[in-house]
Every structure is written in C-alpha cells, then in structure tokens.
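Here the structure comes first, spelled out in structure tokens, and everything after it is commentary.
Sequence lines set the chain letters: A, B, ... in the order given, protein chains first and strands last, and positions in each chain run from 1.
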2 protein chains.
Amino acid sequence: MKVSNKKEDFLQESLKLIHEKGFKATTMRDIAERMNFDVSNSYNYIKSKHEILEGFLFGTSAEFHSAMDNVLSSSYSPDEKLKQIISSHITIASTKPFEVALMVNEWRNLKEPKYTEYIKLRDSYEEKLGSLLLEGIEMGVFKAFDITIAKSVILSSLRWFYDSYATNNPNINPIELERQIVSFLFKGFLE
Amino acid sequence: MKVSNKKEDFLQESLKLIHEKGFKATTMRDIAERMNFDVSNSYNYIKSKHEILEGFLFGTSAEFHSAMDNVLSSSYSPDEKLKQIISSHITIASTKPFEVALMVNEWRNLKEPKYTEYIKLRDSYEEKLGSLLLEGIEMGVFKAFDITIAKSVILSSLRWFYDSYATNNPNINPIELERQIVSFLFKGFLE
DNA sequence: GTCTATATTCAGATAGAC
DNA sequence: GTCTATCTGAATATAGAC
C-alpha cells in the first residue's frame, strides 16, 4: 500500500493552487515554488500544464457519470432517484471539493479537442437528468415545470456545495445538508 | 440623444469577447482586431485592461444592490419581497446578460484593492438577502431552513439565467420564467 | 484617432550537467 | 530528481509620427 507519492503530491498541490488563483493565473513557477523545487522539475510529473487540468476534469466527470448511471439503472422511483443524485453530488463535493471547484470554475480553459469533448460529457450528464425529470413528470410524481428550467434550478442548487468544503469554514454536515436540500427542492420554501 | 459612441462600442465588444474567451484569455490584440484597429488604439478608451472588468463588475453590482435596497425598504411581506428579488434578477439578467456573465465568471480576476472591495459588496448583498429570509422564517412565512443553505440554494437558482439570454438559443420568456422559478422555490418540485 | 515601432515583463517548455 | 541556463513566444502598455 502506497503511503505517499510525489506525483500525487504534485498534482494535489497544483489542484489547490489552481483553485486559489485560477488556472490561467497559476504559473508553473507558482506550483514549483509550492513544491520547493525548480520549475523544470514539474515536468518530471506532467507533460504540460494543461495535462493537470484535463486529468482532474475528466476524472471527476467520470465519477459523476458513474454515479448517475448507477442511479438511473436502479429500480427506484423518479423521486427516489433524484434524491440519490442529490446525495451523490454532496458525497463527491464533500470528499473532493477542489476537484469539483475545478469543474465549476475552470473547464473553459480546456483546449480543443478536449474542450468539445468535455462539453459533450456535460451535455450528456444534463440529458440524463432531463430524461429522469421528464419521466417523473409523465408519471405525475413531479410538477409539470419546463424541463430546461427544472434541470437548471436543480443543478444550480447543487453546484455550490464544494465551496463549503474547500474553505476552512465550519463544514456543513453532509447528512443534514442532504436532508434540507431534498426538502427544499421537493416541497419548497413556503411554510 | 447619442445614437452611437465609439467608446461604448469598444466596451461592449470587449465585454462580449471576454464572455466568449474569458478575461485572461482575451488579449488587447483580440479586442483591437474585433474593432478593426491596432492594439494601441484601445488605450484611447481605457487606461488598462483591468479597467474594463472593473467598470462592468462594479456597475452591474450597483444595479443589483439598488434593486435589493428598494425591495427591502418596501412594505411588502417577506414572500412578496423574495418574489420581487427574483424578478429583479431576471430583469437584469435578461437585459444585461453579458454583464451578469462577467459577475458570475470573472470576478476572480480583479486585482487588489478592487478584489476585496468587490467581495465585500457580494457579502453585503448576501447578508441583505439573509436578513430577509430570517425575517420570513421568524414570521412563519418561510420554512425554518438553515439560513446559509436557503440563501445558497436561492441565489444559485438565480445564477444561470444570463446564459439563456447570452446565447442565440430561443430565449425563455422572462414572465414565464419568473412564474416557474417562484413556484419551484416556493412550493417545490414534488406533485 | 490611427499607425509603426518598441520597452518590459513574464510564461511554458526544453537541454543538459550533476 | 534536481539544478542552471535558455529558447521562444506572447502580452500589456507607451512613445511619437501622421
């Protein structure tokens, strides 16, 4: 069992720095300084700066897709499935907040053809959710909102979690967070 | 009445380019090329690249604060006030989608001391909303969700509007959008 | 307002010695 | 794996002529 690995260290420090300063504003020199070695050493671990971004973005995207696929192919009802999806977002955001931060903030920095490839993954994820919402509406489980609006409201409501876990702030209890988010989205804010 | 103004043109084209490529990735050369003149001419209209960003960010922030302050100082009930705030977000996002896009995506690129100044404006805006939510909860109008969670869910739900108006897609009718967002946030997705 | 330089700084990446 | 040195390109911004 590997206890520590310098390439992993390098990637994790890069990830945090990029989260702090933004991808473009983070230089290879910044990362090297954080690692206490010279710029040229960084290229022992990666071929290019963009490789760092691509690795995390596509890796974490795959986790979201995997969770989504497992939920959709289950025999749960649409509302239970939606609950599971919310749960998976909280789990990933609380365990990998910096990776999720990158997905939210830095995907625009991908270069072609990775950029187009990534957009397709995002669109595909949203379509999977859209099909679930549609199914729930047709079954009379969900209210008949416009699919685009419902999809955007739900995904937006899940997109800020990472921030609570990426900062030093007293973190929100993931279990309690899930309970309140589900209740808010399902039954609304009005008493 | 001024029909056209070259500085306004310059700023608007800059705004759109920054929206397309991101602030850091947009060069003064890109903007000049879009304007069909040489880079050096750009400095007829601005003192620095950052001035473009700062102008739009603080200008649009002021609009949001103004709308918020007007709502809060009205005699509406908390739920009516929240409805008005949602309405103001849709109005600003639909009339100034690129300005709002900048607020969502590019505020990290501000330099000190503007950066800190801007964060304070954002925090202040969120606190104003938070005080409204708290008031509504205490009056029994809103459910007793955690204030931070409720605030984040609501603001996140309003943060994607600009995208629908910044693209060429068939735009969402603002009136209908408001109706559905209010219904979703107030009464939830469950039938 | 527009151009042709040009100053300055800095970033990504590589070569090659130890 | 680490260093020194360097190539190459690019970006913001300014000076000064027309």
Taking the cut-offs as 6.0 angstrom to the six-membered ring centre and 45 degrees off its axis, would you call [X] and [Y] a cation-pi pair?
X      : Y      : value
A:K114 : A:F58  : yes
A:K187 : B:F186 : no
B:K143 : A:F184 : no

* **Flag if over 12 foreign heavy atoms under 6.0 Å of CD, A:E80** => yes

* Can you find a side chain N or O atom of A:K6 that sits less than 4.0 Å from OP1 or OP2 on D:dT2? -> yes

* Asked: Does A:Y43 put a side-chain nitrogen or oxygen below 4.0 Å from OP1 or OP2 of D:dT2?
  -> no

* Structure fact -> From CD1 of B:I46 across to C1' of C:dG1 the rounded distance in Å is 15 Å

* Asked: Contacts to DNA chain C from residues 10-23 of chain A, heavy-atom cutoff under 4.0 Å, which residues?
  -> none

* Should the pair A:D69-A:K128 be classified as a salt bridge under the 4.0 Å nitrogen-to-oxygen rule? -> yes

* Note: A:E178-A:K83 ion pair, threshold 4.0 Å (strictly below) -> no

* **Output field: ring centroids A:H89/A:F161 closer than 6.0 Å** => no

Polar atoms only, N or O, under 3.5 Å: list the protein pairs with nucleotides 3-7 of chain D and their distances.
from  : atom 1 : to    : atom 2 : distance (Å)
D:dC3 : OP2    : A:D38 : N      : 2.6
D:dC3 : OP2    : A:N41 : ND2    : 3.0
D:dC3 : N4     : A:S40 : OG     : 2.9
D:dT4 : O4     : A:S40 : OG     : 3.1

* Structure fact -> Taking every heavy atom of B:V71 against every heavy atom of B:S74, the minimum-distance pair comes out as O-OG, 2.6 Å

